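Here's the structure we're looking at; comments come further down.
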Amino acid sequence: MRWSRLHIPTLRDDPAEAEVVSHKLLLRAGYIRQLSAGLFCYLYLAKRSLRKIERIVRQEMDAIGAQEIYTPELHPADVWKRSGRWDDIGSDMFRLKDRWGRELCLGMTEEEVVTSIAVGELRSYKQLPQIWYQIQAKFRDEPRPKAGLMRVRRFTMKDSYTFDMDSAGLDAAYAQHYKAYCRIFDRCGLDYLAVDAHSGAMGGSESCEFMVPSPAGEDWLVECQASGYKANLEKAVANPQAPASPDPAGEFVPEEFHTPGAKTIEEVSRFDDLPPSSHIKALVMVLDGDPHMVLLRGDHQLSETKLASETGCRELRPAHPEEIEGWLGVGAGFVGPVGAGKVTLLADTALKDRRNMICGANKAEFHLRNVTPGRDFQTRFVDVREVQDGDLDIVSGQPVRRVKAIEVGHIFKLGYKYSESMGLSVLDESGKAVTPIMGSYGIGIERILTGAIEQNHDDSGMVLPVSIAPFQVVVTPVNVKHDEQRETAEALHRDLCAAGVDALLDDRPLRAGAKFKDAELIGIPFRVTVGRKLSDGLVEVSDRKTGVSFDATIEEIAKSLDRRIIEAMPIAKAVR
RNA sequence: CGGGGCGUGGCGCAGUCUGGUAGCGCGCCUGCUUUGGGAGCAGGAAGUCGGGGGUUCGAAUCCCUCCGCCCCGACCA
């Protein structure tokens, strides 16, 4: 391709609306343009790069025997009603009506559609297992699209679905996907982690997220290097650090003390000289309409995700101030478990075996000291605490740390949720109807590009892995008016393309500096400069990542570049 | 949905407080010079100042209203 004929609108300045690196660079390098909040147009470079990512994904999916299919992005409401998710999913789903008033939605995931196909097609155990996948647009009406391609309302997803006769079959399909995903992310040059994850609205028993550590990420994962433990913060477990001061020994009776104006743990601890870890934090939450008081150690944070999965509730929110007043007769700052009346108590496991703690007295301006869980109030103990930096790993006892990351893939063991609700069944060897067990597996195609940019950039621009860069090589004649330089560059470019190298010819009539800057900005891994050394029969090859350059003769260049590209190509490593 | 910010040629911004008919840098076009790290000179094109309404002799500027975008929070498969 000749750069002079391409539309690659690079910008010198960072667009004002971009905050995160990948967003800035995608705009500046002329990869994307925004159409509206969370909606982006992909220009030529982005499209090329995404196509390369998709190609890797296809190769690895095909390699595990998955079959590529396509289903429409527009779904009739009917299939979603059959699984129950038409009502379960709220305003995240784009819903619309056709001219007859029939309800439709834009697909945000395809379990329902794929299962409905399976219902019509699969009859016999002989047809199983099946792995179906597609690479297709998904739509989510995000409350807040942000950070360029990171969180958008339309994105490209590789989603696959497996159907098996039994859980051993599902385990195998899940393991196959796990391995394929590792190979995909390795080959895309990502530094990633596979973490234990929460299944959320997808349902199912087990799930694993593929996370790319990056400060720009929106998810947290928890990792212990000593034991290799890795989990999404929503699911992570660890032992809390010991309380900052030991509980007072002895059998004391709860006793009120005056704490005027002290509503937060911080403020109350000024009255009692005890650290937050000696306090009980009481949060009034509404779970499916019912009042609950969730008790945590004063220095701990509630994980709403854990609370939801521990209680199995569908809807969860903090109580409004008026509700708290109504149920407990006092404002939020002074509520506590002792004498909480009809409000259901739930305590975090970190409060088990603690004694003589501080908590709200359910009386304005008063707190209680010497409160011992299990003696002064009865409750169920559940793990609803968000893991903190420095907590101790369950297995190794070593500290864990929290890391920000971008989710690029997620694999789920779905179980029977969709096959059962939608009536999928096949006959087994004995002629008995059996409900197949399903799995579902997703990859965010654009997030691979985003993650790669976040992890690979410098002050000059993107430094893309050669496997997903829009071009592998750019051939740059320093001065196109110089006939010999121009002709040599054109010939080189032709030879490279003929040799299977994905090369771009920068034949624009610009000064060399401007061309170098642009090539660096858009992240082409190698540059061949045809310039003054041509009189000695030499051209210069420079490596975008290291900045290192070397001279090569024109005769050798195709071969030596080919070798460099192969060496630089990220390869699938051993499965982690 | 709550809080904050912004909206002026393609991009980045000034001008708004204090009303007087739009400016700077980059980019773009033409010519000449230049040509290995975002060239120089000369000439030029390009703006419903987000939309609508109002106040005023006069509105980018003041008032009302609507829209859009970004950030924080809530939410999130």
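We name chains A, B, ... by the order of the sequence lines, and we start the count at 1 in each one. Because the structure is predicted, anything quoted here is derived from the model rather than measured. What's counted below: heavy atoms across the whole structure, side chains too, no hydrogens, waters or symmetry copies.
Counting any heavy atom pair closer than 4.0 Å across all strands shown, A/Arg33 reaches no nucleic acid atom. Counting any heavy atom pair closer than 4.0 Å across all strands shown, A/Thr529 reaches a base atom. Counting any heavy atom pair closer than 4.0 Å across all strands shown, A/Glu304 reaches sugar-phosphate atoms only and no base atom. When heavy atoms are screened at a 4.0 angstrom cut-off, A/Lys146 is found touching the sugar-phosphate backbone but no base atom. Across all strands shown, A/Glu520 has heavy atoms under 4.0 Å from base atoms, whether or not it also approaches the sugar-phosphate. Among the protein residues, A/Pro143 comes within range of the nucleic acid bases, having at least one heavy atom under 4.0 Å from a base atom.
A sub-4.0 Å separation between OP1 or OP2 of B/rC72 and a side-chain N or O of A/Arg144 is present. At B/rG36, none of the side-chain N or O atoms of A/Gln485 fall inside 4.0 Å of OP1 or OP2 (strictly under the cut-off). Under 4.0 angstrom from either OP1 or OP2 of B/rG68 there lies no side-chain N or O belonging to A/Ser36.
Here the side chain of A/Arg12 is nearest to one of B/rC69, B/rC26, B/rG73, namely B/rC26. Picking from B/rC11, B/rC13, B/rC71 the nucleotide with the shortest atom distance to the side chain of A/Asp13 gives B/rC11. Distances were taken from every side-chain heavy atom of A/Ala512 (C-beta onward) to each of B/rG38, B/rU35, B/rG36; the shortest belongs to B/rG36. Distance from the side chain of A/Glu540 is smallest to B/rG36 among B/rG36, B/rA77, B/rC75.
A heavy-atom distance below 4.5 Å is not found between the side chains of A/Val478 and A/Val530.
Remark: B/rC1 base-pairs with B/rG73. Criterion, Watson-Crick or G-U wobble with two distances under 3.5 Å. In this structure, B/rC41 and B/rG31 make a Watson-Crick or G-U wobble pair, each of the two defining distances being under 3.5 angstrom. B/rG68 is paired with B/rC6 under the criterion used here, namely a Watson-Crick or G-U wobble arrangement in which both key atom distances are under 3.5 Å. If you check B/rG36 for Watson-Crick or wobble pairing at under 3.5 angstrom, you find it has no partner at all. Of the nucleotides present, B/rG23 is the one that pairs with B/rC13 by Watson-Crick or G-U wobble criteria, both distances under 3.5 Å.
Looking only at atom types and distance, the side chain of A/His23 has no donor-acceptor partner in the side chain of A/Glu17 under 3.5 Å away.
A salt bridge links A/Asp458 to A/Arg544: at least one charged side-chain nitrogen sits closer than 4.0 Å to a carboxylate oxygen. Using a 4.0 Å cut-off between charged side-chain N and carboxylate O, A/Arg85 and A/Glu111 make a salt bridge.
Between the C1' atoms of B/rG47 and B/rG15, the separation comes to 14 Å (whole Å). The separation of B/rU48 from B/rC63, taken at their P atoms, amounts to 24 Å, rounded to a whole angstrom.
Relative orientation of the A/Phe412 and A/His410 rings is parallel, given thresholds of 30° and 60° on the angle between their planes.
One cannot find a donor-acceptor pair under 3.5 Å joining the base of B/rG12 and the side-chain atoms of A/Asp14.
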